[in-house]
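One structure below.
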Amino acid sequence: MASPGSGFWPFGTEEGSAAAESPGTDLLPTCNGEITTMSFLQDVVDILLQYVVKSFDRSTKVIDFHYPNELLQEYNWELADQPQTLEEILLNCRTTLKYAIKTGHPRYFNQLSTGLDMVGLAADWLTSAANTNIGKMIPSDLERRILEAKQKGFVPFLVSATAGTTVYGAFDPLIAIADICKKYKIWMHVDGAWGGGLLMSRKHKWKLNGIERANSVTWNPHKMMGVPLQCSALLVREEGLMQSCNQMHASYLFQQDKHYDLSYDTGDKALQCGRHVDVFKLWLMWRAKGTIGFEAQIDKCLELAEYLYNKIKNREGYEMVFDGKPQHTNVCFWYIPPSLRGMEDSEDRTSRLMKVAPVIKARMMEYGTTMVSYQPLGDKANFFRMVISNPAATHQDIDFLIDEIERLGQDL
Amino acid sequence: MGFLQRTNSLEDKSRIVSALKERQSSKSVLACENSEKESRFRRTETDFSNLYARDLLPSKNGEEQTMQFLLEVVDILLNYVRKTFDRSTKVLDFHHPHQLLEGMEGFNLELSDNPESLEQILVDCRDTLKYGVRTGHPRFFNQLSTGLDIIGLAGEWLTSTANTNMFTYEIAPVFVLMEQITLRKMREIIGWSNKNGDGIFSPGGAISNMYSIMAARYKYFPEVKTKGMAAVPKLVLFTSEHSHYSIKKAGAALGFGTDNVILIKCNERGKIIPADLEAKILEAKQKGYIPLFVNATAGTTVYGAFDPIQEIADICEKYNLWLHVDGILQGCNQMCAGYLFQPDKQYDVSYDTGDKAIQCGRHVDIFKFWLMWKAKVAPKIKALMMESGTTMVGYQPQGDKVNFFRMVISNPAATKSDIDFLIEEIERLGQEL
């Protein structure tokens, strides 16, 4: 490669002479950059605090929605060769937040990771988310398929059970699955990315009974526990397995002759090389809330889901996708507009129903009042999948959502 | 006028905590003597010992406490930033694992069932920074990623406040566009004339390298996605003996096996020897293997060597191999998860980029980079990359060479005097050995 040339020390010249010409270099580590740096960061914080205040204000929009081409025209997002001034950088920040979704808004229910936890945010700043058989794995089917695979000469080696499926929020029967895995000597993995949070609740953790028999578990505190993204963990029962599976002994990182206990050099366990510090915000939030604080937060979300379920299960214009109380906070339902009510179940009805949720969602986004997810599943027409993991949500917000769906879907 | 000018409406203003002073809109921050005085959100004496996380937003009337708590955190961070650049502070205050575990003057790592007060949380924040390593310190040269970029820091704060995920345009409209624009710009810089290339931000180089091997394998053998490795011939990968271990790791993770990651000899400067590459390709073919992929390294981890890419490219063209350069994709990873990527959305769904990834959700890593680029100018970033070159400096053995120091400079805070300091420090500390 070419030699670095004249621009070799653009930032660190002893006297800081390069400073004034381009604004990025007015900041630390440039000499005398301290005041500018502090003022700049305080301004950033000011912008962020305003955004935080607005996030929790129900009278603000969840999103100021623009189509991609509109958004591209609204503002110049391009990267230029010339530096921008700090004024422009702050404008970039303000504009970015203006068009961003307020994921902490009490009426944002769109994804599995919602809510904005104040301690987690501080931590993130500091480091720089009943036919109850529906959707569950059927153990006898699992066993049948294991035998079938063996007969074909395949070697069954892993079963992934789900604790909290994405769509229905269903919990697979872990005890029965563990029995089968033991019988056939198969690795049992539990994907508790979404449902793992329920382990923090004395009231709901029974849904994961049998998880202690798993060989490995995925648990995403950035979903149900409200830890800022990203914070996802894989837990393995056997000590040392991650290390021996993934280690490559890179001698430039993992010198064996260091002066401290080497078992704390955990980098070779990962598939990545570098790894972002994702644990700090979880740790800090745990300190701040205690186990009981997480429990209360999770219990509240489940209680709200039950409230929604009770409110719409017999309400005119609503149909549940599956019967019975939801196990997690997933509530799956159709809104049936007046024009479709009382219609026979037919292809015509299904194809009309298919269009209802997308239109209501599009209208929600254009008004920016609330957001909730929808999807089809198999032969089922688009239905709303409400998930509550947002600790800011209240009963009034659930009521609001129902009113909004009815307001926006009335004429369909 | 300028960036102190408020864009919010009167209506918004009335919502902001009444006690917080409105700041004048005509002054530029660069002229500010004492910006704290003018800051809209002002820190006031607050007793946090009786306040808990539950008193913060979204709790009712939690606004004032929330602002005060966050301002307190910001104060801790600003102090840390200030000290980081001060050469008279230590790079780290080292303690052995057992010392930290036993607890240091009120710094206790245990998690309890009951909540700690916000005062304790603030102490935890201070202590965490206290016992950590100041990676932005002008004399920290330990790893490839060092330095504390103020704009990047602002970007990270904003990213965590927005707390969103990269999977769809619906939830990350701005960031998705930024990623597209930034990736395009990066492809331009690489020199790919085709405007419609692909790419993704990933958690790190190792994952990016793994993605590249997956993309190559899918390109040549698309059936691997549905039928698995058993359905394809025995594939081999080539990389230099000095390349990053992530290529081997990916070979293991993706089912090639590390024995099928063939290492090419390097010259004394750590560059791949093209003749050895060609010889090993022919050898593999003779054994009935299918050579698939060559990884060339632009800046090896240890020596910082640049492989001769032109010559390697010629060989790859000759034998029809995928050439990947470790220096810095859709069909392959698409699983069409119906719950995320509904094709009947009201906007152009090509902006829902989540299905490109092997992850599901993806952290918004793009914003801080986009913002830094805006602030700095591309050629300067390039200059910075080249400068990549302690008083924390890495050491290691390599092959039959005994432990040597590997100095890498990527910390923009370093100056020539810091290099002088490093040399003196090594001599001072090594004198008696």
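Fair warning: this is a prediction, and the values are worked out from it, not measured in the lab. Computed from heavy atoms alone, side chains included, the values below leave out hydrogens, waters and symmetry copies.
Side chains of B/I151 and A/L86 form a contact here, defined as non-hydrogen atoms less than 4.5 Å apart. Under the 4.5 Å side-chain criterion, counting only non-hydrogen atoms from C-beta, A/L72 is in contact with B/I181. Contact of the B/V81 side chain with the A/E34 side chain is not registered, since no non-hydrogen atoms from C-beta on lie closer than 4.5 Å. Side-chain contact between B/L71 and A/L49: present, with at least one pair of heavy atoms (C-beta onward) separated by less than 4.5 Å. By the 4.5 Å heavy-atom criterion applied to side chains, B/L158 and A/V44 are not counted as neighbours.
To the nearest 0.5 Å, atoms CD (A/Q50) and OG1 (B/T161) are separated by 12.5 Å. In this structure, B/W157 CH2 and A/L41 CG are separated by 4.5 Å, a value rounded to the nearest 0.5 Å. Atom NZ of A/K289 is separated from atom CD1 of B/I121 by 10.5 Å, given to the nearest 0.5 angstrom. With values rounded to the nearest 0.5 angstrom, B/S160 atom OG is found 7.5 Å from A/L48 atom CG.
Under the 4.0 Å criterion applied to side-chain N and carboxylate O atoms, B/R184 and A/E78 are assigned as salt-bridge partners.
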| task | May I have the step-by-step check of side-chain contact (heavy atoms from CB on, under 4.5 Å) for A/T291 and B/L111, ending in yes or no? | result | CA-CA 8 Å; A/T291 314; B/L111 297 167; over 6 Å; no

| request: Decide side-chain contact (heavy atoms from CB on, under 4.5 Å) for A/Y75 and B/V174; before the verdict, give the C-alpha distance in whole Å, the side-chain angles of both, and the deciding distance to 0.1 Å. | output: CA-CA 10 Å; A/Y75 189 72; B/V174 189; over 6 Å; no

| field | Step-by-step side-chain contact (heavy atoms from CB on, under 4.5 Å) determination, A/L71 to B/Y169 | value | CA-CA 11 Å; A/L71 197 48; B/Y169 179 82; 3.4 Å; yes

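In this structure, the portion of A/Y51 lying under 4.5 Å from any heavy atom of chain B is its side chain and not its backbone. For B/A162, the parts lying under 4.5 angstrom from a heavy atom of chain A are both the backbone and the side chain. Proximity to chain A (any heavy atom under 4.5 Å) is restricted, for B/T258, to the side chain, taken from C-beta onward. Of the two parts of B/R82, the backbone and the side chain both hold a non-hydrogen atom closer than 4.5 Å to a non-hydrogen atom of chain A. Contacts between A/L97 and chain B at a heavy-atom distance below 4.5 Å involve the side chain alone, from C-beta outward.
Interface remark: of the candidates B/G132, B/A252, B/P115, B/P97, B/P115 forms the most heavy-atom pairs closer than 4.5 Å to chain A. Options B/E110, B/R54, B/H98 differ in how many heavy-atom pairs under 4.5 Å they form with chain A, and the most are formed by B/E110.
Nearest approach of B/L177 to A/P68, heavy atoms of both residues: CD1-O, 4.0 Å. Of all the heavy atoms in B/D124 and A/L284, the pair that sits closest is CB-CD1, 4.0 Å. The shortest non-hydrogen separation linking A/W283 to B/L109 is NE1-O, 3.1 Å. Shortest non-hydrogen contact noted between B/N108 and A/R287 is O-NH1, 2.6 Å.
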